[in-house]
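Heads up: the structure comes next, in structure tokens.
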Amino acid sequence: MAGAGPAFDKEENDPLATIRVPLEYAMQCDSALLVKGDSMAWTIKSGGVVGVIRRNFDFVSGEVYAVRLPYEGLSIKRVIVDAASGEYIIRSDNPDKEKYPDRRLSITEYADIILGRVVWVWQAL
């Protein structure tokens, strides 16, 4: 389970449930995470499931990732690199920036926060 808002942190190897996905989806990812919270709405709604590549993925600035944020835990966020300042910009897609402001983290200090890239989303429309 990952937060899209206040994060829920659980040991990474403790599955909450088993879901069936079509083979073409299963072949694209290493794991799936249940998303709780609305900071990524409407891109990813609370209750959606995301497929994540955790090994051998290419980082692309501006894409959505599973990240372990300091003092928050496992979250799903958009990650942008600001090369000029040497920072990650951790962004929620929810337009309420007062409730979900951007966070900036030093790339050198927090190089290991990115755990995997989100490659698919399942959610109710």
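Computed over heavy atoms, backbone and side chain alike; hydrogens, waters and symmetry mates excluded.
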For a quick test of your reading: what N or O donor-acceptor pairs under 3.5 Å do the side chains of residues 80-90 make, sequence neighbours left out?
from	atom 1	to	atom 2	distance (Å)
Asp82	OD1	Ala84	N	3.2
Asp82	OD1	Ser85	N	3.3
Asp82	OD2	Ser85	OG	3.2
Asp82	OD2	Arg104	NH1	3.0
Asp82	OD2	Arg104	NH2	3.4
Ser85	OG	Asp82	O	3.4
Ser85	OG	Glu87	OE1	3.0
Glu87	OE1	Arg104	NH1	2.8

Review point. Taking Asn94 for the side chain and Asp38 for the main chain, is one N or O donor matched with an acceptor at less than 3.5 Å?
Key: yes
Point to revise | Test log, rule side-chain contact (heavy atoms from CB on, under 4.5 Å), inputs Val67 and Val79 | key: CA-CA 9 Å; Val67 296; Val79 180; 3.8 Å; yes
Check your understanding: Are the side chain of Asp102 and the backbone N or O of Arg91 linked by a donor-acceptor pair below 3.5 Å?
Key -> no
Revision key, fill the gap. Scanning both residues in full, the closest heavy-atom pair of Arg103 with Leu69 reads NH1-CB, 3.8 Å
Point to revise | Exercise: identify the closest heavy-atom pair between Ser46 and Gly37 | key: OG-N, 3.0 Å
Side-chain donor-acceptor pairs under 3.5 Å in residues 109-125, sequence neighbours left out?
from	atom 1	to	atom 2	distance (Å)
Trp120	NE1	Tyr25	O	3.2
Gln123	OE1	Lys45	N	2.6
Gln123	NE2	Thr43	O	3.0

**Study point:** Least distance between heavy atoms, Arg54 atom then Ser31 atom
**Key:** CD-OG, 3.2 Å
Check your understanding: Less than 4.5 Å apart, any side-chain heavy atom of Ile44 and any of Asp93?
Key -> no
Exercise for review: Would you check if there is a donor-acceptor pair between the side chains of Lys77 and Ser39 at a distance under 3.5 Å?
Suggested key: yes
Revision key, fill the gap. The single option from Ile76, Val64, Leu34 that satisfies side chain to side chain contact (heavy atoms under 4.5 Å, CB included) with Val50 is Ile76
Check your understanding: Do the side chains of Val52 and Met27 join up, straight or via other hydrophobic residues, at under 4.5 Å, putting them in one cluster?
Key -> no
Review point. Within a strict 4.5 Å, meaning less than it, do heavy atoms of the Ile53 and Tyr65 side chains meet?
Key: no
